[in-house]
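Everything numeric here is computed off the predicted structure, so don't read it as measured data. The sequence lines fix the lettering, A, B, ..., with proteins before strands; numbering per chain opens at 1. Values below: every heavy atom of this structure, side chains too, minus hydrogens, waters and symmetry copies.
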Amino acid sequence: MSKGITSRETDYSQWYNELVVKADLAEHSAVRGCMVIKPYGYAIWEKMQAALDKMFKDTGHSNAYFPLFIPKSFFSKEASHVEGFATECAVVTHYRLKNDGNGQIVVDEAAKLEEELIVRPTSETIIWNTYRGWIESYRDLPILVNQWANVVRWEMRTRLFLRTAEFLWQEGHTAHATEEEAVAEANKMLEVYADFAENWMALPVVRGRKSENERFAGALDTLCIEALMQDGKALQAGTSHFLGQNFAKAFDVKFTSKEGKLDYVWATSWGVSTRLLGALIMAHSDDQGLVLPPQLAPIQVVIVPIYKQDAEKQAIGDLADRVMTELKAKGVSVKYDDRDTQRPGFKFAEWELKGVPVRIAIGARDMENGTVELARRDTQHKETVAQSGLADRVERLLADMQRDIYAKALAFRDSHTVEVDSYDEFKAVLDGPGGFVSAHWDGTVETEQLIKEETKATIRCIPLNNKQEAGVCIRTGKPSAQRVLFAKAY
RNA sequence: CGGGAUGUAGCGCAGCCCGGUAGCGCGCUUCGUUCGGGACGAAGAGGCCGCAGGUUCGAAUCCUGUCAUCCCGACCA
């Protein structure tokens, strides 16, 4: 492992790439655009999954699994959906290979599929085709199903976690008897995502609604949570769609209501992906490496012994054992790093790089004084504290850190969210500090497109519960009823 | 898919212009000394120079083709 990583100031993008690789989260694979998520990175994803999965179950959802492959014909059934995904689909055309006689393995042209299969970029079509068989009556509703899966979107340019050709995610697909219920579901799940982002990821998010231009292909309404990264660019962290009856109509999913009327089913879908790892990394980390909020850190506390002779190591180990037992009893995950192949300074740097929230160093001096050195990753603050009551102290520290990391990110976002009333100001902010820019917009797709072409900024969202305020569009001068949030985005 | 660049040891690179059979740093292995912020010394291991042709007595180096990757755009969770 080479020393240090590129600083954020030098090159934010390179900082991110190096951090992901050097912190052992993921690496590029032999397949273009596809990453290998390494054990440490996957451990964070597992913690995210566990927390989200519980939240989904607590809100009444169940997990199921649908096929990786989708018949091509399914895609053309919902017009705007196919348009949204057609240009980035991996297509399976054959089902067999053969030896060409020259020692080469080639596709067996004789084994061409009758109908091509699409590797799912998202599962609305296969799921709604399935739901047709599950739903006849209002008694069959609602269906509240979630799927943990991988999907493939053949992106032109990829970046580890932020945009990969294959990624892991969850997709919830619900079916309802009424529009109101579906709308409420979409809102409820957006709130679940916001709750998760804020309380687990320590990531403040804006809850909002996408403009028509940014709406999911096939949705009537797309709700989202938007987060701000340290370079002033926004990142969409999760979406929740109200799909209306679009997919029910496309796949002929009808039900008989209590009143005996036949009607199409109302739908939602919602998802978050491994992209959340990208958000987590970019929101909190520093030039020393990863900074993980305690709630999602695979290792919350690392204990590093500092010793010269075996006798010292033995005594320190005994103390470490006692501390670990106490911490584990409190549900804190601890690692005792007693490798004698690395020196303490190396270990300090390594665990900082990997973002372990709390480090306890114990040396001969501490053994004499009845102390340990306690260091927190987020502020890099170190202090010498008494061994007695250590576990309680660490438990409090972890809770404090979770709050502090959130507060720091919130303060950053607040200081990078500005209202502007002219196009010049708008451009000045985007070219300068970046961040969220709250500005009036005339509400048309054309103007949004124009602003995007001229500034690379897009409407990230129209915040929910946005205050209504008369004004004029910064670009066209036409009347506007409210401000919307613009930003350059990932 | 347009523009630019790069493929040489596990990683990062030099060598190429001016052809003579490959080198540096980190990492790795062994031994010793070290160990409170990325240790030091000594001795080792590791490369058909992306791939395929061509020119030449001789190619990492020159020529042609090809594949791949990265960066900047357009597209996107």
J.: Grab the CD1-P distance between A/Ile306 and B/U34 for me, whole Å please.
T.: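 That distance rounds to 18 Å.
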
J.: Tell me: NZ of A/Lys347 to C1' of B/G37, nearest whole Å?
T.: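 Spelled out: NZ on A/Lys347 to C1' on B/G37 is 13 Å.
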
J.: Calculate the interatomic distance between A/Ile362 atom CD1 and B/C35 atom C1'; express it in whole Å.
T.: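 Spelled out: CD1 on A/Ile362 to C1' on B/C35 is 16 Å.
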
J.: Counting the atoms with a prime plus P, OP1 and OP2 as sugar-phosphate, which does A/Asp340 contact under 4.0 Å by heavy atoms, base, sugar-phosphate, or nothing?
T.: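 Contact class for A/Asp340: none.
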
J.: Using the six-membered ring wherever Trp is involved, compare the ring planes of A/Trp128 and A/Tyr131 and label them parallel, tilted or perpendicular (cut-offs 30° and 60°).
T.: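 Answer is perpendicular, since the angle exceeds 60°.
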
J.: Side chain of A/Glu155, heavy atoms from C-beta onward: which of B/C35, B/G38, B/C75 has the nearest atom to it?
T.: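 Among B/C35, B/G38, B/C75, the one nearest the side chain of A/Glu155 is B/C75.
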
J.: For A/Leu162, answer base if it contacts any base atom (sugar-phosphate contacts may also be present), sugar-phosphate if it contacts only those atoms, and nothing otherwise; contact means non-hydrogen atoms under 4.0 Å.
T.: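 Base contact - A/Leu162 has a heavy atom under 4.0 Å of at least one base atom.
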
J.: Pairing check on B/C16: which nucleotide meets the Watson-Crick or G-U wobble criteria with it, both distances under 3.5 Å?
T.: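 No nucleotide pairs with B/C16.
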
J.: In this structure, how many angstroms lie between the C1' atom of B/C71 and the NE2 atom of A/His28, rounded?
T.: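 It works out to 12 Å between those atoms.
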
J.: Could you check how far CG of A/Leu160 sits from C1' of B/C71, rounded to whole Å?
T.: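 My rounded result for the distance is 15 Å.
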
J.: Give me the distance, rounded to whole Å, that separates B/U56 from B/G41 when you measure between the C1' atoms they each carry.
T.: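 One C1' to the other, the span is 47 Å.
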
J.: With a 4.0 Å cut-off on heavy atoms, is A/Arg359 in touch with a base, just the backbone sugar-phosphate, or nothing at all?
T.: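 A/Arg359: base contact, heavy atoms under 4.0 Å.
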
J.: When the P atoms of B/C28 and B/U69 are considered, how many whole Å apart are they?
T.: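 Looking at atom P only, B/C28 and B/U69 are 29 Å apart.
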
J.: Would you say a side-chain N or O of A/Lys456 is under 4.0 Å from OP1 or OP2 of B/G73?
T.: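 Checking B/G73 against A/Lys456, a side-chain N or O does come within under 4.0 Å of OP1 or OP2.
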
J.: Just to be sure I understand the geometry, which residues of residues 193-215 of chain A put a non-hydrogen atom under 4.0 Å away from RNA chain B?
T.: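 When residues 193-215 of chain A is checked for heavy atoms under 4.0 Å from RNA chain B, there are no hits whatsoever.
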
J.: Which atom names give the shortest non-hydrogen contact between A/Trp270 and A/Phe56, and what distance separates them?
T.: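 What the structure gives for the nearest pair is CZ3-CE2, 3.8 Å.
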
J.: According to the Watson-Crick and G-U wobble definitions, with both distances under 3.5 Å, which nucleotide is paired to B/A68?
T.: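 Partner of B/A68: B/U6.
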
J.: Taking A/Lys98 first and then A/Glu109, would you say they form a salt bridge - that is, a charged N and a carboxylate O separated by under 4.0 Å?
T.: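 Looking at A/Glu109 together with A/Lys98, the answer is no, because their closest N to O distance does not fall below 4.0 Å.
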
J.: Going by purine N1 to pyrimidine N3 plus the second Watson-Crick contact, or the G-U wobble pair, all under 3.5 Å, which nucleotide sits opposite B/G46?
T.: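 Per the H-bond distance test, none.
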
J.: How many whole angstroms separate atom CD of A/Gln342 from atom P of B/G37?
T.: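 Distance, rounded to whole Å: 16 Å.
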
J.: Test side chain to side chain donor-acceptor pair (under 3.5 Å) on A/Asn466 and A/Arg209; report intermediate values, then the result.
T.: CA-CA 10 Å; A/Asn466 208 19; A/Arg209 166 170 285 113; over 6 Å; no

J.: Let's see if you can work this out: which of B/G38, B/G37, B/G36 has an atom nearest to the side-chain heavy atoms of A/Phe348?
T.: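 Of all the options, the side chain of A/Phe348 is nearest to B/G37.
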
J.: Answer yes or no for A/Arg359 and A/Phe348: cation-pi contact, defined as NZ/CZ to six-membered ring centre under 6.0 Å and angle to ring axis within 45°.
T.: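 Yes, a cation-pi geometry holds between A/Arg359 and A/Phe348.
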
J.: Specify the closest pair of heavy atoms between A/Asp366 and A/Gln387, including all atoms of both residues, with the distance to one decimal.
T.: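 A/Asp366 and A/Gln387 have their closest heavy atoms at O-NE2, 3.4 Å.
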
J.: What's the shortest heavy-atom distance between A/Leu353 and A/Ala23, and which atoms?
T.: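 The pair with the smallest heavy-atom distance is O-CB, 3.6 Å.
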
J.: Could you check which nucleotide pairs with B/G36 in any of the strands shown, counting Watson-Crick or G-U wobble with both distances under 3.5 Å?
T.: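 By the stated definition (distances under 3.5 Å), nothing pairs with B/G36.
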
J.: Can you tell me how far C1' in B/U21 sits from the matching atom in B/C16, rounded to whole Å?
T.: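 Between the two C1' atoms, the distance is 15 Å.
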
J.: Strictly by modelled atom types, are A/Thr93 and A/Glu116 linked by a side-chain donor-acceptor pair under 3.5 Å?
T.: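 Side-chain D/A pair, A/Thr93 to A/Glu116: absent.
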
J.: So what does A/Phe167 touch, heavy atoms closer than 4.0 Å: a base, only the sugar-phosphate, or nothing?
T.: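 Here A/Phe167 touches the bases of the nucleic acid.
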
J.: Identify which nucleotide among B/C75, B/G36, B/G37 has an atom closest to any side-chain atom of A/Lys452, counting heavy atoms from C-beta outward.
T.: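 Within the option list, the nearest is B/C75.
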
J.: Base, sugar-phosphate, or nothing for A/Thr158, non-hydrogen atoms under 4.0 angstrom?
T.: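 Touches nothing.
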
J.: So does A/Arg343 reach the base of B/G36 with its side chain, donor to acceptor, closer than 3.5 Å?
T.: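 Per atom types, no contact qualifies.
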
J.: To the nearest 0.5 Å, tell me how far A/Asn129 CG sits from A/Glu124 CD.
T.: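 A/Asn129 CG to A/Glu124 CD: 13.0 Å, rounded to 0.5 Å.
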
J.: Scan every strand shown for a Watson-Crick or G-U wobble partner of B/C75, both distances under 3.5 Å, and answer none if you come up empty.
T.: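 B/C75 is unpaired by these criteria.
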
J.: Say we look at B/G7 and B/G12: how far apart would their C1' atoms be, to the nearest angstrom?
T.: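 Here B/G7 and B/G12 have their C1' atoms 14 Å from each other.
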
J.: Using Watson-Crick or G-U wobble geometry with both distances under 3.5 Å, which nucleotide pairs with B/U55?
T.: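 Per the H-bond distance test, none.
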
J.: Check the side chains of A/His173 and A/Gln147 for a donor-acceptor pair under 3.5 angstrom, ignoring hydrogens and angles.
T.: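 Looking only at side-chain atoms, A/His173 and A/Gln147 do not form any donor-acceptor pair under 3.5 Å.
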
J.: Looking at A/Phe216, does the NZ or CZ of A/Lys210 lie under 6.0 angstrom from its six-membered ring centre and within 45 degrees of the ring axis?
T.: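 Not satisfied by the 6.0 Å and 45° rule.
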
J.: For the C1' atoms, the ones on B/A42 and on B/G58, what distance do you get once it is rounded to whole angstrom?
T.: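 The same atom, C1', in both gives a distance of 39 Å.
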
J.: What distance, rounded to whole Å, do you find between the two C1' atoms, one in B/U61 and one in B/A22?
T.: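 Pairwise C1' distance, B/U61 against B/A22, rounds to 11 Å.
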
J.: Assess whether one donor atom and one acceptor atom, taken from the side chain of A/Glu352 and the base of B/G37, lie less than 3.5 Å apart.
T.: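 Looking at the base of B/G37, it does pair with a donor or acceptor on the side chain of A/Glu352 (distance under 3.5 Å).
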
J.: Rounded to the nearest Å, what distance is computed from the CD atom of residue A/Glu27 to the P atom of nucleotide B/U69?
T.: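 Taking atom P of B/U69 as the reference, CD of A/Glu27 is at 16 Å.
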
J.: Flag the pair A/Asp195 and A/Lys188 as a salt bridge only when some basic side-chain nitrogen lies within less than 4.0 angstrom of an acidic carboxylate oxygen.
T.: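 Looking at A/Lys188 together with A/Asp195, the answer is no, because their closest N to O distance does not fall below 4.0 Å.
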
J.: Checking contacts here: which listed nucleotide (B/C70, B/G36, B/G38) is nearest the side-chain heavy atoms of A/Phe346?
T.: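 Among B/C70, B/G36, B/G38, the one nearest the side chain of A/Phe346 is B/G38.
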
J.: Considering only the C1' atoms, how many Å lie between B/G3 and B/A74, rounded to the nearest integer?
T.: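 One C1' to the other, the span is 12 Å.
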
J.: Between A/Lys488 (NZ) and B/A74 (P), how many Å, whole number?
T.: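 To the nearest whole Å, that distance equals 11 Å.
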
J.: Of A/Glu373 and A/Thr239, whose closest RNA chain B nucleotide lies nearer the 5' terminus?
T.: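 Counting from the 5' end, the first nearest nucleotide belongs to A/Glu373.
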
J.: Quick check on contacts: within residues 307-323 of chain A, what sits under 4.0 Å from RNA chain B by heavy-atom distance?
T.: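 When residues 307-323 of chain A is checked for heavy atoms under 4.0 Å from RNA chain B, the hits, listed by number, are A/Tyr307, A/Lys308.
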
J.: Identify which nucleotide among B/C71, B/C75, B/G36 has an atom closest to any side-chain atom of A/Asn17, counting heavy atoms from C-beta outward.
T.: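 Nearest nucleotide to the side chain: B/C71.
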
J.: Scan every strand shown for a Watson-Crick or G-U wobble partner of B/C31, both distances under 3.5 Å, and answer none if you come up empty.
T.: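 Looking at the geometry, B/C31 pairs with B/G41.
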
J.: With rounding to the closest Å, how many angstrom separate the C1' atoms on B/G50 and B/A60?
T.: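 Comparing C1' positions in B/G50 and B/A60 gives a spacing of 12 Å.
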
J.: Where is the tightest heavy-atom contact between A/Thr59 and A/Leu144, given as atom of each residue plus distance?
T.: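 It is O-CD1, 4.5 Å.
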
J.: For A/Ala237, which contact category applies under a 4.0 Å heavy-atom criterion: base, sugar-phosphate, or nothing?
T.: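 Nothing: the residue A/Ala237, judged by heavy atoms under 4.0 Å, touches no strand.
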
